[in-house]
Engineer: 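Below are the structure tokens for one structure; questions will follow.
Lettering follows sequence order; numbering is per chain, from 1.
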There are 2 protein chains.
Amino acid sequence: MGRSFAAGTRPRQAVSIQDVADRAKVSIATVSRALNKPHMVSPDTGKRVLEAVEELGYRPNRFAQALMTRESGVLGIALPDLHGEFFSELIRGADAEARALGYHMLVSSIHDDLGPKPADGPVRVSRALGLIDGLIAMITEPSSVLATQLDAMGVPLVMIGADDTDSNGHDSVSVDHADGARQACEHLLEDAEPGSCYFVGGPRRNYDTLKRAGAFRAFFESRGHTLRADQVQFRDYTIEWGGAWAQEMIERDALAGACVFCANDEIACGVLRIGRDAGLDVPGDLRIVGYDGTRLSQLVRPRLSTVAVPVDELGRSAVRLLIERLNEPDLPPRKIVLSPSLLVHESSSP
Amino acid sequence: MGRSFAAGTRPRQAVSIQDVADRAKVSIATVSRALNKPHMVSPDTGKRVLEAVEELGYRPNRFAQALMTRESGVLGIALPDLHGEFFSELIRGADAEARALGYHMLVSSIHDDLGPKPADGPVRVSRALGLIDGLIAMITEPSSVLATQLDAMGVPLVMIGADDTDSNGHDSVSVDHADGARQACEHLLEDAEPGSCYFVGGPRRNYDTLKRAGAFRAFFESRGHTLRADQVQFRDYTIEWGGAWAQEMIERDALAGACVFCANDEIACGVLRIGRDAGLDVPGDLRIVGYDGTRLSQLVRPRLSTVAVPVDELGRSAVRLLIERLNEPDLPPRKIVLSPSLLVHESSSP
DNA sequence: CTGAAAGCGCTAACAT
DNA sequence: ATGTTAGCGCTTTCAG
């Protein structure tokens, strides 16, 4: 409307701040103020501007805004290839919190295929890096490469599940798996011999499995029991592994009477199934505790006792921490540790 | 480096295009070209510029770029509150495809709590609207409100799972549930009386359930069998509903000998459990087919026959469609229909 | 093939 | 309280 353009330059946006200014008979600065700092304009002009905005259907150009303010209102979240439910709960929690605080989540998966240049390494937020105000990254195993890369990205960073070493200097959120494991052990030992207790772990390098295994060992050792090598085993987070483990126990004639603490619910389901197939009564002949508190644990019968992890709260806390950091860049690094809680169901009742 | 600034104006970015230009002894225009249209600069200048970029660690400011080019490389995806696995697979597929094509995904959930103004309605991408190049939205039930709102947002839009009415004028991706249901019916009828076949549905307004129920009806009616009212029922997508349904069938003494097609795997698990608890042999006395092909279907015993839905491909296709649309705005609206496929396992073998 | 210059639409001093 | 103005960092004509 009445604006003129250099040759070849056309207006790209339907309605800009200038149009609003014209219509409200004020300067663009006033429009900006009316929208962003309403207390700085007179009630009357404020109203006129808002009306013009409404009538014209004006939407500020976010890029232009961001170019000035250096913030986009978008938070990145980089996750490894997670189990379905864990993934969705985490995102859901993060998204809910972000939305409530006026932010949006940009998701990105962390792949192992880190390219030659660190620039496009495991964390492929690279191209989006300039678009996000901060990043949440989940770490599942010790990996200096990854931690270093994240470090070097130059965005405010919150780590999920990272070790103290890796999260060094950054805010972090994690779950007290040592405590979760302890709860499970205490529960199992209410009615068992230390010698008949087992830990069936996931991947050997996985932080979570490591912590749970460590706590399992510590628990029994602190009670004066020396664990045999066969009492703590690792493989992966699958139902197959649980089944295979149970099968081998059966062949050694050791499954009956065992108390099994599994590193996740899937493994536990595997153990449960093979145990029952072998004619064992659960929990009569075989007691099982899983980990994570997934829906799966409540779908099987008998229902699985499990250590429930507040996954969505993990996402929420990370977002909260990150936003607080954005508002207060000089805060000392903080660390939130969430507590898991043992849910006792039929699979382990003494 | 040598730049001067108006009072109170400081450089906000570590290194800008001007710095690179200075270092490479060219103009900023040339730097821009060297980076975005390498074929337009001489090999020699190109190299000099790239070196300068490298040495200075220059990263173009994405906001400034976007302000000019009007594209951010970010695609929005708005999803309703989905079942964990569905959600994660969809996002994973979308993210993988987006990444491969140089884009990023911004997720946002669709809530029912649509506010007074359409601006912040169910699809809360509002604040991000200006940041995304296009939007993928999943529709699970007829809702003119939502469809209209999406329409009005003025971004390229691809719908997932929408009815033809709702997706009117937009690109869309969906799954041929009618065909999936048909496959299941054909399989069940291989060894059954039409009168002993049942459909146990999810929410009555849910698109997917509606289509599956419709195909179930059509299948039997086209074979001259008139369905009784009790052969098609609706409730929700839970294991409890499956259990309740089976329980009632038992009380009517009708579960033995039944062939049951469930609208999803969870319902099927419910039916399976109650059936087995009642001492029925599956598939001997009771045949069951689920839907979705979730991991859950393979975790139970006997394993569930199920109609597998290519969920990640749903995400991938949507992204592909959207990006093609961005590149070719005038393409006529396109519709991709993916085919589900029946997976026969123990729960239904004749 | 390269440079100068004109903005993209907005915010934030600085004046008034 | 409001307007003027100077950019934010980049892409893209338009002239060489």
Side-chain angles (χ1 to χ4, degrees), chain A residues 1 3-22 24-49 52-53 56-73 127 129-131, chain B residues 1 3-22 24-49 52-53 56 58-73 129-131:
Chain A
M1 336 218 155
R3 280 191 293 159
S4 68
F5 310 96
T9 308
R10 316 124 300 161
R12 318 291 204 68
Q13 180 163 310
V15 28
S16 83
I17 198 172
Q18 183 66 62
D19 300 322
V20 179
D22 291 350
K25 312 262 184 243
V26 294
S27 73
I28 60 167
T30 298
V31 175
S32 177
R33 286 191 204 101
L35 259 25
N36 305 317
K37 332 208 152 143
H39 58 276
M40 293 188 66
V41 303
S42 82
D44 187 53
T45 23
K47 192 160 141 286
R48 280 214 322 288
V49 170
V53 166
L56 265 35
Y58 168 67
R59 308 287 283 168
N61 182 312
R62 304 286 275 110
F63 299 127
Q65 283 186 315
L67 183 54
M68 283 305 291
T69 62
R70 329 286 322 178
E71 47 196 46
S72 63
R127 248 185 67 89
L129 251 189
L131 291 169
Chain B
M1 335 216 151
R3 281 190 291 160
S4 69
F5 312 97
T9 308
R10 319 123 299 163
R12 318 293 204 67
Q13 181 164 310
V15 30
S16 83
I17 197 172
Q18 183 66 61
D19 300 323
V20 178
D22 291 350
K25 309 257 184 252
V26 294
S27 73
I28 60 169
T30 298
V31 175
S32 178
R33 286 192 202 100
L35 258 26
N36 304 318
K37 332 213 151 133
H39 58 277
M40 293 188 66
V41 302
S42 81
D44 187 53
T45 5
K47 190 160 142 288
R48 279 215 322 289
V49 170
V53 165
L56 264 36
Y58 168 68
R59 309 286 282 166
N61 181 312
R62 305 285 276 107
F63 298 127
Q65 283 185 314
L67 184 54
M68 284 305 290
T69 62
R70 330 277 334 170
E71 46 197 46
S72 63
L129 251 189
L131 291 169

Engineer: Kindly compute the distance separating OG1 (B/Thr30) from NZ (B/Lys25), expressed to the nearest 0.5 Å.
Structural biologist: 14.0 Å
Engineer: Looking only at heavy atoms, which two atoms of A/Ala21 and A/Ser27 are closest? And how far apart?
Structural biologist: CB-C, 3.8 Å
Engineer: Nearest whole Å is fine: how far is C/dG3 P from B/Ile28 CD1?
Structural biologist: 11 Å
Engineer: Listed by chain and number, what are the side chain to side chain contact (heavy atoms under 4.5 Å, CB included) partners of A/Ala34, not counting sequence neighbours?
Structural biologist: A/Val41, A/Val49
Engineer: With a 4.0 Å cutoff (strictly under), does any side-chain N or O of A/Gln18 reach OP1 or OP2 of C/dG9?
Structural biologist: no
Engineer: Output yes when at least one side-chain N/O atom of A/Thr69 is less than 4.0 Å from OP1 or OP2 of D/dC8, else no.
Structural biologist: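 Answer no for this pair, as no side-chain N or O of A/Thr69 is under 4.0 Å from OP1 or OP2.
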Engineer: Which part of the nucleic acid, if any, lies within reach of B/Val31 when heavy atoms closer than 4.0 Å are counted: base, sugar-phosphate only, or nothing?
Structural biologist: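 No contact at all - B/Val31 keeps every heavy atom at 4.0 Å or more from the nucleic acid.
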Engineer: Would you mind telling me which of D/dT11, C/dC1, C/dG9 lies closest to the side-chain atoms of B/Thr45?
Structural biologist: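 For the B/Thr45 side chain, the nearest candidate turns out to be C/dC1.
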Engineer: Going by side chain to side chain contact (heavy atoms under 4.5 Å, CB included), name the residues that satisfy it together with B/Ile17, two or more places apart in sequence or in a different chain.
Structural biologist: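 Side chain to side chain contact (heavy atoms under 4.5 Å, CB included) list for B/Ile17, sorted by chain: B/Ile28, B/Val31, B/Ser32, B/Tyr58.
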Engineer: Whole-Å distance between D/dG9 P and A/Glu71 CD?
Structural biologist: 15 Å
Engineer: Would you say C/dG3 has OP1 or OP2 under 4.0 Å from some side-chain N or O of B/Arg33?
Structural biologist: no
Engineer: Return the nearest nucleotide to the side chain of B/Ile17; candidates are C/dG3, D/dT11, C/dT11.
Structural biologist: D/dT11
Engineer: Are any of A/Ser32's side-chain N or O atoms less than 4.0 Å away from OP1 or OP2 of C/dT11?
Structural biologist: yes
Engineer: Check whether any side-chain N or O of A/Arg70 sits under 4.0 Å from OP1 or OP2 of D/dG9, and answer yes or no.
Structural biologist: yes
Engineer: Of A/Ala29 and A/Phe63, whose nearest nucleotide on DNA chain C comes first from the 5' end?
Structural biologist: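 Closest to the 5' end, via its nearest nucleotide, is A/Phe63.
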Engineer: Just how far, in rounded Å, is P of C/dA6 from CG of B/Leu67?
Structural biologist: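 It works out to 18 Å between those atoms.
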Engineer: When you check the phosphate oxygens OP1 and OP2 of D/dT2, does a side-chain N or O of A/Thr30 lie under 4.0 Å from one of them?
Structural biologist: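 The answer is no; no side-chain N or O of A/Thr30 sits under 4.0 Å from OP1 or OP2.
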Engineer: Could you give all pairs that pass the salt bridge (charged side-chain N to carboxylate O under 4.0 Å, His left out) test and reach residues 29-47 of chain B, with sequence neighbours left out?
Structural biologist: B/Asp44-B/Arg48, B/Lys47-B/Glu51
Engineer: Counting only side-chain heavy atoms from C-beta out, which of C/dC10, C/dG3, C/dC8 sits nearest to B/Met68?
Structural biologist: C/dC8
Engineer: Tell me whether the OP1 or OP2 atom of C/dC1 has a side-chain N or O from B/Ser42 closer than 4.0 Å.
Structural biologist: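 False: B/Ser42 side-chain N/O out of range (4.0 Å or more) of C/dC1 OP1/OP2.
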Engineer: Please check if the side chain of B/Arg62 supplies one atom and the backbone of A/Leu129 the other of a donor-acceptor pair under 3.5 Å.
Structural biologist: no
Engineer: Choosing from C/dG3, C/dC10, C/dG9, which nucleotide comes nearest the side chain of B/Ser27?
Structural biologist: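 Within the option list, the nearest is C/dG3.
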Engineer: Is there a donor-acceptor contact under 3.5 Å from the side chain of A/Ser72 to the main chain of A/Leu131?
Structural biologist: yes
Engineer: Please report the distance, rounded to the nearest Å, between CD in A/Gln65 and C1' in C/dA12.
Structural biologist: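 It works out to 13 Å between those atoms.
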Engineer: Is any side-chain N or O of A/Ser16 closer than 4.0 Å to OP1 or OP2 of C/dG9?
Structural biologist: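 A/Ser16 to C/dG9 OP1/OP2: no side-chain N or O under 4.0 Å.
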Engineer: Can you tell me how far the CZ atom of B/Phe63 sits from the CE atom of A/Met68, to the nearest 0.5 Å?
Structural biologist: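 Answer for the CZ-CE pair, B/Phe63 versus A/Met68, is 13.0 Å.
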Engineer: Mind calculating the distance between CZ (B/Arg59) and P (D/dG9) to the nearest angstrom?
Structural biologist: 16 Å
Engineer: How close or far is atom P of D/dA1 from atom NZ of A/Lys47, stated in whole angstroms?
Structural biologist: 18 Å
Engineer: With a 4.0 Å heavy-atom cut-off, tell me which residues in residues 34-41 of chain A come close to DNA chain C, sorted by residue number.
Structural biologist: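 Here the set is A/Asn36, A/Lys37.
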Engineer: Take the C1' atoms of the five end pairs on each side of the helix from C/dC1-D/dG16 to C/dT16-D/dA1, derive the two axes, and give their angle rounded to 10 degrees.
Structural biologist: 30°
